[in-house]
Amino acid sequence: MESVETAVYTVPTGVPEADGTLAWDATTLVTVRVTAADVTGLGWSYGSPAAAEAVRAHLAAVVTGRPAWDVPAANDEMSRAVRNAARPGVIAHAVSAVDIALWDLKARLLGLPLVGLLGAARTEVPVYGSGGFTTYDDGRQDRQLRAWTEESGIPRVKIKIGESWGAREERDRDRVSRARRSVGDAVELYVDANGGYTRKQAVRLARHLDAEGVLWFEEPVSSDDPAGLAEVRAAVSADVTAGEYGYTLPYFHHMLAAGAVDCLQADVTRCGGITVWQRVAALAEARGLEISGHCAPHLHAHVAAAVPNLRHLEWFHDHVRIETALFTGALDPAGGSVRPGADGSPGHGMALRSDAERYRER
C-alpha cells in the first residue's frame, strides 16, 4: 500500500427521519481510499466524522507499506494498533472502512469483481425494502411501501416502530396495520423497534404483529440486553433479530451464546469490515443460523453473495439514496434481489461521482 486518504461527506435527508430512539436530518459518511500500483480501492462507513481522524491518527501508518494481498493480516494489525484507543465505536467504523477499501483494492488489482475474489456462494442476493420512518405520515409511508413492492417488485419490506422509546404503542399498531394494507398479504412485512420497548411491552405488542403477519421483529429490546432478546424470542412468533451494533467478533459470539436471535445481523461498516463480517457469518452458520446484512447495501452485496447462510440484505432508503447520488455503479433491486459482479466491473464496482464534492466537509 502506497497511500491512505480520507474524506467526510454529509448529505441532508429529503425529509426529517426518525426511528424509535433517534431522529436525524442528515447522514454522514467517511470514505477511505487506499492506493497501490496506480490502482485505488474505496471503502466507507456511516457515522461520526471522527472516524476520518481515527484513520489518519491510528491506521494509515499501519497499512501503508504492507502487501496489498494480505488483507486479513492488515485487519489484525489495525485491531492491535487501536487496542488502547477504544476499538469499539468510532474506531471500529474506521477499521471497517479501511478493510473494505483494502479488499476493493485487491480485487481491482486482480481485475476481478469482489465476489469473484471472495468466492461466490450465489449469484443473487435477496433484499428487503427498509425505511418507514416514524416521522412519515400515512401517505408517505404508503407511497414508499408501494414503490418497493409495486414498482421494484421487492417482496419484503420493513418499517420503524417503537416510536418515542415505545411511548406511542397505539400509533405503532396503526402504522403496522396500514403497512399491511399497503403491501397486501403476499409481501413479507418486517418491523424494527431499535430497542425502544421493554421486554413485556415487546411481548404484548407481538400479539398485534402476529395478527398482521409480521415475520421479523428487529431489536424489540436493546441489543445490549441479550438476555432480554432471548426472553422475547422465546415468547413471540416472529423471528427476533439484532446485531447491527456489533463492533467486535466476541460481541456476536456472546449474542449467539445467549440464544438472543433467530437471524443474526451484522454491519460490514461497523464490525471490522469484510474480513470480520465473513467470520461473523461463520459463527452464525456454526449454530445453524442465517445472517442478514445491515444497511450500506452496496458494500454488503459482494460479501453477502459469498456466504452460504445469507438470508437477505437491507435495502435501506437513506443509504440507497446516498449511494446512488454519490457513487456510480449502483445496483438494481428489481424483482427483489441484486446481482453483484454481474457486469464484470472490478472490486465492488462503485466510484465517487465528480459532483459528490458538493457534500464534502473535509
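Predicted, not measured: the structure shown is a model, and the values here were computed from it. These values consider heavy atoms only, across backbone and side chains, with no hydrogens, waters or symmetry-generated copies.
Atom CZ of R270 is separated from atom OH of Y46 by 11.5 Å, given to the nearest 0.5 angstrom. Here the CG-CD distance, from D192 to Q265, works out to 7.0 Å after rounding to the nearest 0.5 Å. Note that the CD atom of E218 and the CD1 atom of I161 stand 10.0 Å from one another [nearest 0.5 Å]. To the nearest 0.5 Å, atom CG of residue L310 and atom CD of residue E290 are 7.5 Å apart. Taking NE2 of H93 as the start and CG of L29 as the end, the distance is 12.0 Å to the nearest 0.5 Å. The distance from the CG atom of L42 to the OG1 atom of T31 is 6.5 Å, given to the nearest 0.5 Å.
Counting only heavy atoms from C-beta outward, the side chains of S152 and W315 never approach each other to under 4.5 Å. For the pair V82/L59, a side-chain contact is recorded, criterion being any heavy-atom separation below 4.5 Å from C-beta on. Counting only heavy atoms from C-beta outward, the side chains of I91 and Y247 never approach each other to under 4.5 Å. Side-chain contact between L331 and H298: present, with at least one pair of heavy atoms (C-beta onward) separated by less than 4.5 Å. Residues P297 and E323 form a side-chain contact, since some pair of their non-hydrogen atoms from C-beta on lies under 4.5 Å apart. Using a 4.5 Å cut-off on side-chain heavy atoms (C-beta onward), L105 and V39 make contact. The side-chain heavy atoms of T134 and R175, taken from C-beta on, include a pair separated by under 4.5 Å. I274 has its side chain within reach of L118: a pair of non-hydrogen atoms, C-beta onward, lies under 4.5 Å apart.
The 12-atom threshold is exceeded at CG of D137, counting heavy atoms of other residues, nucleotides or ligands nearer than 6.0 Å. In this structure, R80 places its CZ atom where more than 12 heavy-atom neighbours from other residues, nucleotides or ligands lie under 6.0 Å away. Applying the 6.0 Å contact sphere to CZ of R33 captures no more than 12 heavy atoms from other residues, nucleotides or ligands. The environment of D185 atom CG is sparse: at most 12 non-hydrogen atoms of other residues, nucleotides or ligands sit within 6.0 angstrom. D76 CG: more than 12 foreign heavy atoms inside a 6.0 Å radius.
The two residues V203 and V236 have their closest heavy-atom pair at CA-CG1, 4.3 Å. For the residue pair T21 and G196, the shortest heavy atom distance occurs at CG2-CA, 3.9 Å. The heavy-atom pair separating P226 from A260 by the smallest distance is O-CB, 3.6 Å. Closest heavy-atom contact between R233 and V240: CA-CG2, 3.6 Å. Scanning both residues, Q201 and G166, for their nearest heavy atoms gives NE2-O, 2.7 Å. Minimum interatomic distance between P340 and T123 (heavy atoms only, all atoms of both residues): CD-O, 4.2 Å.
The hydrophobic cluster containing L22 does not contain V221, counting ILVMFWY residues as joined when their side-chain heavy atoms lie under 4.5 angstrom apart, directly or transitively. I100 and L326 fall within the same hydrophobic cluster, defined by Ile, Leu, Val, Met, Phe, Trp and Tyr side-chain heavy atoms under 4.5 Å apart, directly or through other members. Placement of V176 and W216 in two distinct hydrophobic clusters is found when ILVMFWY residues are connected by side-chain heavy-atom separations under 4.5 Å, directly or transitively. Both V307 and L264 sit in one connected hydrophobic cluster of ILVMFWY residues. Membership requires side-chain heavy atoms under 4.5 Å apart, directly or through other members.
Using a 4.0 Å cut-off between charged side-chain N and carboxylate O, K158 and E314 make a salt bridge. Of the charged side-chain nitrogens involved, none lies within less than 4.0 Å of a carboxylate oxygen, so that R171 and D174 do not count as a salt-bridged pair.
A donor-acceptor contact under 3.5 angstrom links the side chains of E124 and S337, judged on distance only. A donor atom on one side chain and an acceptor atom on the other are found under 3.5 Å apart for S177 and E212. For the residue pair R178 and Q141, no side-chain donor N or O sits within less than 3.5 Å of a side-chain acceptor on the partner. Judged by distance alone, the side chains of D239 and T241 never bring a donor and an acceptor atom under 3.5 Å apart.
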Legend entry - side-chain contact (heavy atoms from CB on, under 4.5 Å) between H208 and D172, worked out: CA-CA 10 Å; H208 182 75; D172 289 340; over 6 Å; no
Legend entry - Chi angles and distances behind the side-chain contact (heavy atoms from CB on, under 4.5 Å) call for L114, D104: CA-CA 7 Å; L114 182 52; D104 185 46; 5.5 Å; no
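Evaluation of the ring-ring contact (aromatic ring centres under 6.0 Å, His included) rule for F327 yields W44 as partners, not counting sequence neighbours. Residues forming a side-chain hydrogen bond (donor to acceptor under 3.5 Å, both in side chains) with T135 (at least two apart in sequence, or on another chain): none.
Judged as a ring pair (Phe, Tyr, Trp, His ring centres under 6.0 Å), the pairs with a partner in residues 132-182 (not counting sequence neighbours) are, in order, W24-F133, F133-Y136, F133-F316. Among pairs with a residue in residues 262-291, those fulfilling ring pair (Phe, Tyr, Trp, His ring centres under 6.0 Å) read W277-H300, at least two apart in sequence or across chains. Under the ring pair (Phe, Tyr, Trp, His ring centres under 6.0 Å) criterion, no residue pair touches residues 52-90, with sequence neighbours excluded.
Here the side chain of D99 pairs a donor or acceptor atom with the backbone of T275 at under 3.5 angstrom.
Hydrophobic clustering, defined by side-chain heavy atoms of Ile, Leu, Val, Met, Phe, Trp and Tyr closer than 4.5 Å, groups V8 together with V30.
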